[in-house]
> 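Mind having a look at this structure? Questions to follow.
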Protein chains: 2
Amino acid sequence: MIDYDGPVPRYVQLAELIRDRIRAGQYLPDRRIPSEPDLSSETGLARETVRRGLRLLVDEGTLVRVPGKGTYVSPDPPV
Amino acid sequence: MIDYDGPVPRYVQLAELIRDRIRAGQYLPDRRIPSEPDLSSETGLARETVRRGLRLLVDEGTLVRVPGKGTYVSPDPPV
DNA sequence: CTGTATTTGTTCGTATGTATT
DNA sequence: AAATACATACGAACAAATACA
């Protein structure tokens with residue numbers, strides 16, 4: 001599903017995947033998304049790669065991470 | 001030189017070190033700074049930790065990285 | 001033109017620390 | 001006390017872009 005044949009890094013592809021799921025209503029505002037290990041298991045990506053993708057979404061205001069709790073979709077995500 | 005006893009992560013400390021050197025005129029605008037391996041050797045930090053610190057400075061507009069060439073101080077760094 | 005070296009980019013693995021439940 | 005989850009840090013490997021002999 002997520003390859004590195006093309007010019008798009010895997011962590012960017014992961015970010016796009018998460019964005020798609022938010023747009024599709026699969027991940028809802030103020031709700032928690034799967035943990036890093038879960039996303040890592042699901043996608044087969046290394047945890048650090050998952051973290052890079054999530055950071056992109058945190059930086060753009062789409063996600064909010066809470067230490068010890070989890071990663072949440074922002075109340076009003078810019079997607 | 002760079003410790004992790006305190007609350008300040010090492011990669012943040014590295015970013016501060018680079019900023020200090022720019023302020024001090026040791027690294028000049030539009031000039032290249034040492035490569036990641038060099039900074040890693042000098043500080044004893046892992047290259048990935050160096051990269052994290054440099055990314056902070058890229059994000060804030062202080063540095064510009066050019067693949068295959070090097071990392072440069074911005075023409076007009078915000079420091 | 002070809003190959004080599006340098007530098008940044010990406011990816012995976014592992015370990016430890018900190019905060020919350 | 002234990003499990004869960006994010007944060008930091010180190011190590012290693014290969015790819016891609018650039019420069020140069």
Side-chain angles (χ1 to χ4, degrees), chain A residues 1-18 21-22 27-28 30-75 77, chain B residues 1-19 21-22 27-75 77:
Chain A
M1 183 217 308
I2 292 185
D3 279 326
Y4 188 39
D5 304 336
V8 182
R10 284 180 175 160
Y11 71 91
V12 176
Q13 294 181 55
L14 175 77
E16 291 170 349
L17 173 67
I18 304 297
R21 289 180 173 178
I22 293 173
Y27 298 156
L28 297 174
D30 276 318
R31 298 284 297 277
R32 201 170 71 78
I33 73 170
S35 70
E36 293 176 356
D38 284 352
L39 287 172
S40 180
S41 298
E42 179 199 341
T43 60
L45 300 177
R47 191 178 149 200
E48 268 302 312
T49 304
V50 169
R51 286 181 56 74
R52 285 194 182 187
L54 294 182
R55 175 170 1 203
L56 290 180
L57 300 175
V58 170
D59 289 346
E60 74 184 26
T62 302
L63 297 180
V64 177
R65 279 187 280 188
V66 182
K69 293 188 65 180
T71 303
Y72 295 79
V73 179
S74 299
Chain B
M1 182 220 310
I2 291 184
D3 279 327
Y4 190 39
D5 304 338
V8 182
R10 285 178 176 162
Y11 71 90
V12 175
Q13 295 180 56
L14 174 77
E16 290 168 351
L17 173 68
I18 304 296
R19 265 195 228 100
R21 290 181 173 176
I22 293 173
Y27 297 155
L28 297 174
D30 276 316
R31 297 285 297 277
R32 203 171 69 82
I33 72 170
S35 70
E36 295 173 356
D38 284 351
L39 288 173
S40 179
S41 298
E42 179 199 342
T43 60
L45 299 177
R47 187 186 156 206
E48 269 302 312
T49 305
V50 169
R51 285 181 58 77
R52 285 182 77 172
L54 294 182
R55 168 148 46 148
L56 291 181
L57 300 175
V58 169
D59 288 347
E60 75 184 25
T62 301
L63 297 180
V64 177
R65 279 187 280 187
V66 182
K69 293 188 66 177
T71 302
Y72 296 80
V73 179
S74 298

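Reminder, nothing fancy here: chain letters follow the sequence lines and each chain counts from 1.
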> From C-beta outward on B:Arg10, which listed nucleotide comes closest to its side chain: C:dT7, D:dC10, D:dA13?
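Selected nucleotide: D:dC10.
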
> Name the closest nucleotide to the B:Leu45 side chain, picking from D:dA7, C:dG9, D:dC10.
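So the side chain of B:Leu45 is nearest to D:dC10.
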
> Are B:Glu60 and B:Arg19 within salt-bridge range, i.e. N to O under 4.0 Å?
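Judged by the 4.0 Å cut-off on N to carboxylate O distance, B:Glu60 and B:Arg19 do form a salt bridge.
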
> Could you give the CG-to-C1' distance, from B:Asp38 to C:dT8, as a whole number of Å?
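To the nearest whole Å, that distance equals 13 Å.
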
> Would you indicate which nucleotide in C:dT8, D:dA9, D:dA12 comes nearest to any side-chain atom of B:Tyr11?
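Given the options C:dT8, D:dA9, D:dA12, the side chain of B:Tyr11 is closest to D:dA9.
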
> Rounded to the nearest angstrom, tell me the gap between atom CD in B:Glu48 and atom C1' in D:dA7.
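Rounding to the nearest Å, CD of B:Glu48 and C1' of D:dA7 are 15 Å apart.
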
> Under 3.5 Å, is there a donor-acceptor pair between the A:Tyr72 and A:Arg32 side chains?
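Absent: no donor and acceptor within the cut-off.
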
> Knowing that exactly one of B:Leu17, B:Ile33, B:Leu57, B:Val73 qualifies, which makes a side chain to side chain contact (heavy atoms under 4.5 Å, CB included) with B:Ile22?
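Exactly one candidate clears the test, B:Val73.
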
> Per the atom types in the model, does the base of C:dG9 pair as donor or acceptor with the side chain of B:Arg55 at under 3.5 Å?
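Check fails, no donor-acceptor contact within cut-off.
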
> Would you say B:Arg65 places a side-chain N or O within less than 4.0 Å of OP1 or OP2 belonging to C:dG9?
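Yes, because at least one side-chain N or O of B:Arg65 sits under 4.0 Å from OP1 or OP2 of C:dG9.
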
> In whole angstrom, what separates B:Leu14's CG from D:dT8's P?
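That distance rounds to 14 Å.
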
> Do the side-chain N or O atoms of A:Arg51 get closer than 4.0 angstrom to the phosphate oxygens (OP1, OP2) of D:dC6?
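False: A:Arg51 side-chain N/O out of range (4.0 Å or more) of D:dC6 OP1/OP2.
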
> Would you indicate, yes or no, if D:dA17 has its OP1 or OP2 atom less than 4.0 angstrom from a side-chain nitrogen or oxygen of B:Lys69?
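So the side-chain polar atoms of B:Lys69 never come under 4.0 Å of the phosphate oxygens OP1 or OP2 of D:dA17.
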
> Tell me which nucleotide among D:dC6, C:dT11, C:dT7 gets nearest to the side chain of A:Ser35.
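Out of D:dC6, C:dT11, C:dT7, the nucleotide with an atom closest to A:Ser35's side chain is D:dC6.
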
> Phosphate oxygens OP1/OP2 of D:dT8: is one of them under 4.0 Å from a side-chain N or O of B:Arg52?
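B:Arg52 to D:dT8 OP1/OP2: side-chain N or O found under 4.0 Å.
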
> Report yes if some heavy atom in the side chain of A:Leu54 is under 4.5 Å from a heavy atom in the side chain of A:Leu39; otherwise report no.
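A:Leu54 reaches A:Leu39 side chain to side chain.
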
> Across all strands, who's sitting opposite D:dA1 as a Watson-Crick or G-U wobble pair, both distances under 3.5 Å?
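Because no pair has both required distances under 3.5 Å, D:dA1 counts as unpaired.
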
> When you measure from the side chain of A:Glu36, which nucleotide among C:dT8, D:dA12, D:dA7 comes out closest?
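Within the option list, the nearest is D:dA7.
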
> Considering just the side-chain nitrogens and oxygens of A:Arg32, establish if one lies under 4.0 Å of OP1 or OP2 belonging to D:dA5.
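Checking A:Arg32 against D:dA5: at least one side-chain N or O falls below 4.0 Å of OP1 or OP2.
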
> State which of D:dT8, C:dG13, C:dG9 makes the closest approach to the side chain of A:Ala46.
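When the side chain of A:Ala46 is considered, C:dG13 is the closest of D:dT8, C:dG13, C:dG9.
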
> Between atom CD in A:Gln13 and atom C1' in C:dG9, what is the gap in whole Å?
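The answer, rounded to whole Å, is 15 Å.
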
> Taking OP1 and OP2 of C:dT8, is either one under 4.0 Å from a side-chain nitrogen or oxygen of B:Thr71?
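Checking C:dT8 against B:Thr71, a side-chain N or O does come within under 4.0 Å of OP1 or OP2.
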
> Starting at CZ of B:Arg47 and ending at C1' of D:dC14, how long is that distance when rounded to a whole Å?
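Nearest whole value for this atom pair: 11 Å.
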
> Salt bridge or not between B:Glu42 and B:Arg47? Use side-chain N to carboxylate O under 4.0 Å.
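Result for this pair is no, no salt bridge flagged.
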
